[in-house]
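Below you'll find the structure, written out as structure tokens, and then a few comments.
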Amino acid sequence: MDFALPADLVAYLAELDQFIAHEIKPIEDADDNVRFFDHRREWARTDFDNGGLPRQEWEALLRRVKDLADSAGHLRFAIPKRYGGKDGSNLWMAVIREHFAAKGLGLHNDLQNEHSIVGNLPLVTMLDRYGSDDQKAMIEGSISGKYRITFGLTEPEHGSDATHMETRAEPTTRDGVSGWLINGEKMWTTGMHAATHCALFARTSGNDGDARGITCFLVPAQAEGVKVEEYMWTFNMPTDHPRVSFTDVFVSDDALFGEIGRGLSLAQCFVHENRIRQAASSLGAAVYCIQESVNYARERKPFGRALAENQAIQWPLVELATQAEMLRLLIRKTAWEMDKLTQAEVEHTLSDKVSMCNYWANRLCCEAADQAMQVHGGMGYSRHKPFEHIYRHHRRYRITEGSEEIQKRKVAGFLFGYMGAGATKH
């Protein structure tokens with residue numbers, strides 16, 4: 001069994017590093033753009049006088065870099081060749097995401113908003129697999145920024161438990177047009193401030209708790225009855241996470257996204273691609289914190305001795321490094337197995353491994369960032385190092401992404417036999 005990375009993947013990592021050094025880093029160093037990544041990052045990114053939303057110049061800079069990466073052939077790496085991509089695999093994406101995050105904060109990759117010069121584009125996969133012809137025609141615009149589609153799944157009273165959602169869609173007719181009337185409320189609808197559409201999940205049949213009976217609709221963000229009620233200020237600012245209400249929102253049948261009653265298939269499509277890559281990114285951020293701590297402990301010599309000689313410094317970093325190495329193998333093995341399976345097969349036989357990767361990577365990153373702050377002492381406490389930023393972001397993942405409860409529930413479902421291949425009907 002060969003655990004070495006394929007030679008062509010190693011070569012591509014080197015190509016990406018060269019692109020970053022020659023094309024991306026000069027932009028980061030120009031016009032004081034480093035303010036978005038140094039100790040001023042939160043203030044530079046956040047328009048505190050506009051509800052805490054991202055500053056326009058921050059989002060414009062990210063768009064500029066994405067366009068540059070797209071022109072160079074990197075942004076679309078993971079999507080099908082028919083859409084200008086390279087059919088990049090989950091394994092390659094996991095390795096790339098870890099590699100980028102291990103470099104630290106920068107324009108090449110920013111975990112706070114999932115920005116990367118190698119794009120994570122799960123909505124392209126959703127549109128390709130489940131969209132109508134008209135919806136598939138939105139794929140190019142969703143990559144270029146013409147369309148921005150948010151994800152309306154989580155609700156105020158039910159968190160990540162989609163099966164008990166209270167949002168309802170009833171079939172109706174308006175002005176002779178067959179469609180649906182939608183009422184409900186969603187939370188953490190990321191990106192709604194700049195969205196053109198919301199992929200909105202609503203119950204159309206069945207009972208609370210049923211997986212069947214939930215349908216996805218592609219709702220125009222400016223449709224009558226769609227209202228951003230508030231933006232939720234978070235650990236890491238800026239915020240683009242609002243609570244959105246949908247009051248008597250009418251959409252025609254053309255807005256149906258996928259099969260009626262099978263909307264959770266779209267949600268699973270989104271989260272599986274997202275969460276294995278998110279796990280790889282969290283691992284990379286943990287590796288960054290560990291390595292920065294090791295480097296600092298070698299250089300810092302309080303009372304005439306290097307910190308690195310102190311076992312109280314060594315042992316916690318040894319444990320973190322060991323966990324990182326084990327997690328890397330699990331993530332890459334899981335991503336490699338995902339590439340051999342259909343989405344349905346992943347959900348049925350591998351979903352627990354994706355969840356293991358996700359919740360443990362986020363936990364490891366928080367622990368590594370916390371340890372880095374301790375090792376760096378006063379500098380760890382200051383904002384001149386990125387550790388508090390990394391810690392707060394991944395602590396947010398552990399809460400809002402359901403990394404602790406939801407992912408463990410899924411692992412337990414496989415472990416105790418009520419989910420996956422070993423499940424029995426009750």
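Please read all numbers here as calculations on a predicted model, not as lab measurements.
Environment of CZ in Arg129: crowded, with over 12 heavy atoms of neighbouring residues, nucleotides or ligands closer than 6.0 Å. Environment of CZ in Phe48: crowded, with over 12 heavy atoms of neighbouring residues, nucleotides or ligands closer than 6.0 Å. The number of heavy-atom neighbours closer than 6.0 Å to NZ of Lys333, taken from other residues, nucleotides and ligands shown, is 12 or below. Applying the 6.0 Å contact sphere to CZ of Arg212 captures no more than 12 heavy atoms from other residues, nucleotides or ligands. Crowding of Gln56 atom CD: a count of heavy atoms from other residues, nucleotides or ligands under 6.0 Å not exceeding 12. Within a 6.0 Å radius of CH2 in Trp233, other residues, nucleotides and ligands contribute more than 12 heavy atoms.
Between the Arg203 side chain and the Asp210 main chain, a donor and an acceptor come within less than 3.5 Å of each other. With Asn358 contributing its side chain and Gln278 its backbone, the two residues share no donor-acceptor pair below 3.5 Å. With Thr215 contributing its side chain and Thr204 its backbone, the two residues share no donor-acceptor pair below 3.5 Å. No donor-acceptor distance shorter than 3.5 angstrom exists from the side chain of Asp47 to the backbone of Pro54, with no hydrogens or angles considered. In terms of modelled atom types and a separation under 3.5 Å, the side chain of Lys86 and the main chain of Gly73 share a donor-acceptor contact. Side chain of Glu166 to backbone of Pro156: no donor-acceptor contact under 3.5 angstrom is found. A donor-acceptor contact shorter than 3.5 Å is absent between the side chain of Gln371 and the backbone of Ala368.
We find that Arg82 and Asp128 are joined by a salt bridge, their nearest charged nitrogen and carboxylate oxygen being less than 4.0 Å apart. In summary, Arg277 and Glu114 do not engage in a salt bridge, as defined by a charged side-chain N under 4.0 Å from a carboxylate O. Asp352 has no carboxylate O lying under 4.0 Å from a charged side-chain N of Arg275, or vice versa, which leaves the two without a salt bridge. Using a 4.0 Å cut-off between charged nitrogen and carboxylate oxygen, Glu140 and Lys146 do not count as a salt-bridge pair. Between Arg383 and Glu42, at least one side-chain N (NZ, or NE/NH1/NH2) sits under 4.0 Å from a carboxylate O, which counts as a salt bridge. Electrostatic pairing of Asp17 and Lys25 does not count as a salt bridge here, judged by no charged N lying under 4.0 Å from a carboxylate O. A salt bridge is absent between Glu337 and Lys340; no separation between the charged side-chain nitrogens and carboxylate oxygens falls under 4.0 Å. The pair Arg63-Asp67 meets the salt-bridge criterion, since a charged nitrogen lies less than 4.0 angstrom from a carboxylate oxygen. Using a 4.0 Å cut-off between charged nitrogen and carboxylate oxygen, Arg41 and Glu388 count as a salt-bridge pair.
Ring geometry for His376 against Tyr296 counts as parallel: the plane angle stays under 30°, on a 0 to 90° scale with 60° as the upper cut.
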> Which is it for Arg35 and Asp29 under the salt bridge (Lys or Arg N to Asp or Glu O under 4.0 Å) test, yes or no, and what are the steps along the way?
Replying inline: CA-CA 9 Å; Arg35 70 188 185 279; Asp29 292 338; over 6 Å; no
>> One pair to check against salt bridge (Lys or Arg N to Asp or Glu O under 4.0 Å): Asp87 and Arg76. What are the steps and the verdict?
In response: CA-CA 9 Å; Asp87 286 322; Arg76 306 183 189 214; over 6 Å; no
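Using modelled atom types and a 3.5 Å distance limit, the side chains of Ser281 and Arg97 yield a donor-acceptor pair. Defined by atom type and a distance below 3.5 Å, a donor-acceptor pair is present between the side-chain atoms of His115 and Lys66. Judged purely by distance below 3.5 Å, without hydrogens or angles, the side chains of His384 and Asp38 never pair a donor atom with an acceptor atom. A side-chain donor-acceptor contact under 3.5 Å links Asp161 and His164. With 3.5 Å as the limit, one finds a donor-acceptor pair spanning the side chains of Glu155 and Thr167. A donor-acceptor contact closer than 3.5 angstrom is absent between the side chains of Glu299 and Asn295. Using modelled atom types, one finds a donor on one side chain and an acceptor on the other under 3.5 Å when comparing Ser245 with Glu229. Gln407 and Asn362 share no donor-acceptor pair across their side chains, judged by distance under 3.5 Å alone. Between Gln374 and Asp370, the side chains place a donor N or O and an acceptor N or O closer than 3.5 Å (distance only, hydrogens not considered).
Using a 4.5 Å heavy-atom threshold, the side chains of Thr190 and Thr150 count as separate. Contact of the Tyr147 side chain with the His197 side chain is registered, since non-hydrogen atoms from C-beta on lie closer than 4.5 Å. A 4.5 Å side-chain heavy-atom check between Ile117 and Leu75 finds every atom pair outside the cut-off. With a 4.5 Å cut-off on side-chain heavy atoms, Cys365 and Ile390 count as touching. Looking at Leu264 and Thr163, their side chains come closer than 4.5 Å, going by heavy atoms from C-beta outward. Put simply, the side chain of Glu345 does not reach to within 4.5 Å of the side chain of Leu350, judged on heavy atoms. Looking only at side-chain heavy atoms (C-beta outward), Arg64 and Ile27 come within less than 4.5 Å of each other. Between Phe387 and Tyr288 there is a side-chain heavy-atom pair separated by less than 4.5 Å.
For the atom pair CZ of Arg55 and CG of Leu53, the computed distance is 11.0 Å after rounding to the nearest 0.5 Å. We find the CG-CE distance between Leu283 and Met326 to be 11.5 Å, quoted to the nearest 0.5 Å. Taken from CG in Leu364 to CD in Glu319, the straight-line distance is 11.5 Å, to the nearest 0.5 Å. Atom CD1 of Ile96 and atom CG of Leu9 lie 6.5 Å apart (nearest 0.5 Å). For the atom pair Thr239 OG1 and Arg45 CZ, the distance stands at 13.5 Å (nearest 0.5 Å). For the atom pair Tyr391 OH and Asn236 CG, the distance stands at 11.5 Å (nearest 0.5 Å).
Applying the side-chain hydrogen bond (donor to acceptor under 3.5 Å, both in side chains) test to Glu230 and every residue at least two apart in sequence or in another chain returns Arg243.
Shortest non-hydrogen contact noted between Val375 and Ser293 is CG1-O, 3.8 Å. When all heavy atoms of Ile331 and Ile276 are compared, the closest pair comes out as O-CD1, 4.1 Å. Nearest heavy atom pair, residue Leu153 against residue Lys186, reads O-NZ, 3.2 Å. Nearest approach of Val124 to Ser142, heavy atoms of both residues: CG2-OG, 3.8 Å. Residues Gly104 and His108 come closest through the heavy atom pair O-CE1, 3.4 Å. In this structure, Val244 and Pro242 approach most closely via the heavy-atom pair CG2-CG, 3.8 Å.
Ring-centre distance between His393 and Phe235: not below the 6.0 Å cut-off. With ring centers used as reference points, Phe151 lies 6.0 Å or more from Trp188.
Residue pairs meeting the ring-ring contact (aromatic ring centres under 6.0 Å, His included) criterion with at least one member in residues 53-83, sequence neighbours excluded, are Tyr12-His74, Tyr12-Phe77, Phe19-His74, Phe36-Trp58, Phe37-Trp58, Phe77-Trp92.
Among Leu111, Asn109, Leu13, the single residue meeting the side-chain contact (heavy atoms from CB on, under 4.5 Å) criterion with Phe100 is Asn109.
Cation-pi geometry between Lys408 and Tyr359 is satisfied (NZ or CZ under 6.0 Å from the ring centre, within 45° of the ring normal).
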